[in-house]
Colleague: 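Pasting a structure below so you can have a look.
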Amino acid sequence: MADTQISDHVHAAFDAAGDIDGALLPVLHEIQARCGYIPSDAVPLVADRLNLTRAEVHGVITYYHHFRQKPAGKVVVQVCRAEACQSVGADQLAEHVVKSLGCDFHETSRDGSVTLEPVYCLGHCACGPSIMVGDDVHARVTPERFDKLMQRAGSAA
Ligand code: FES
């Protein structure tokens, strides 16, 4: 991403977040919504504007797994790792997902098609294991159902 684009996104993120104290998290969320990740060149711009050090901004980005430091794959898959889903087979599902995508959590598949992320509850606890594929939540996901969802996501991409 070009420097001018990053700078435009950072300015727009500050405009969207408003003039509030402690704007770091809302601004980072806004930058990720606009860019798909937090470009490293955005860090000094954010730090200067909020009178923080680059290390402080970087520390927040790395602390919250939600923030990506690299562009995501075409599709983001989030697998619920919280207790209710674990009690109905989320661990076995997660094992299958990692194996079938060929990448671990917080990684993107080699072909760039899928980024895999853990999530801790999607609000569908009564019908787990739950996952999100893009913006869609899917409940009672079995390994077989996951494979079908990935086929569908691949043909839609
Ligand atoms: S625990 Fe998985 S959706 Fe709530």
Side-chain angles (χ1 to χ4, degrees), residues 1 6 9-10 12-18 20-40 42-43 46 50 52 55-157:
M1 190 177 288
I6 292 169
H9 285 307
V10 170
F14 274 99
D15 289 346
I20 54 172
D21 284 341
L24 179 56
L25 282 174
V27 164
L28 292 176
H29 279 285
E30 197 61 40
I31 292 170
Q32 181 154 300
R34 289 167 187 275
C35 303
Y37 69 111
I38 311 286
S40 58
V43 172
V46 171
L50 293 174
L52 297 169
E56 286 170 322
V57 175
H58 184 72
V60 169
I61 293 167
T62 52
Y63 179 78
Y64 292 104
H65 287 309
H66 170 76
F67 294 123
R68 290 186 204 106
Q69 297 178 71
K70 290 187 282 190
K74 288 184 192 134
V75 177
V76 176
V77 171
Q78 296 181 307
V79 177
C80 180
R81 310 303 314 272
E83 253 176 52
C85 282
Q86 275 186 7
S87 69
V88 290
D91 285 344
Q92 293 87 335
L93 175 65
E95 247 176 66
H96 174 79
V97 168
V98 166
K99 198 170 168 190
S100 95
L101 295 179
C103 67
D104 213 334
F105 285 93
H106 306 292
E107 292 180 357
T108 297
S109 61
R110 200 174 288 167
D111 64 0
S113 62
V114 181
T115 293
L116 178 59
E117 295 178 343
V119 67
Y120 295 90
C121 197
L122 291 164
H124 277 241
C125 317
C127 38
S130 301
I131 71 169
M132 263 187 105
V133 179
D135 294 330
D136 301 322
V137 178
H138 301 274
R140 295 196 175 94
V141 179
T142 60
E144 297 73 26
R145 185 138 181 265
F146 174 79
D147 292 342
K148 284 185 185 152
L149 288 168
M150 287 300 94
Q151 282 171 4
R152 215 181 305 154
S155 55

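Just follow the structure's listing: the first ligand is 1, and inside any ligand the first atom is 1. For this chain, numbers begin at 1 and follow the sequence in order.
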Colleague: So, R145 side chain and A139 main chain: donor-acceptor pair closer than 3.5 Å or not?
Modeller: yes
Colleague: Return the closest protein heavy atom for atom 3 (S) of ligand 1 as residue, atom name and distance.
Modeller: L122 N, 3.2 Å
Colleague: For the side chain of T115 and the backbone of G73, is there at least one donor-acceptor N/O pair under 3.5 Å apart?
Modeller: yes
Colleague: Tell me whether atom 4 (Fe) of ligand 1 has C121 as a neighbour, meaning an N, O or S atom of it below 2.8 Å.
Modeller: yes
Colleague: Classify the ring geometry of H29 against H66: parallel below 30°, tilted from 30° to 60°, perpendicular beyond 60°.
Modeller: tilted
Colleague: Any carboxylate oxygen within less than 4.0 angstrom of a Lys/Arg side-chain nitrogen, looking at K148 and E144?
Modeller: no
Colleague: Can you see which heavy atom on G89 is nearest to which on P129, and at what distance?
Modeller: C-CG, 3.9 Å
Colleague: One residue to check: C80. Relative to ligand 1, which of side chain, backbone, both or neither has a non-hydrogen atom less than 4.0 Å away?
Modeller: side chain
Colleague: What atoms of ligand 1 come closer than 4.0 angstrom to any heavy atom of A82?
Modeller: 1 (S)
Colleague: Which of the atoms in ligand 1, numbered in the order shown and given with their element, are less than 4.0 Å from a heavy-atom of C85?
Modeller: 1 (S), 2 (Fe), 3 (S)
Colleague: Could you list which atoms of ligand 1 come closer than 4.0 Å to a heavy atom of G123?
Modeller: 3 (S)
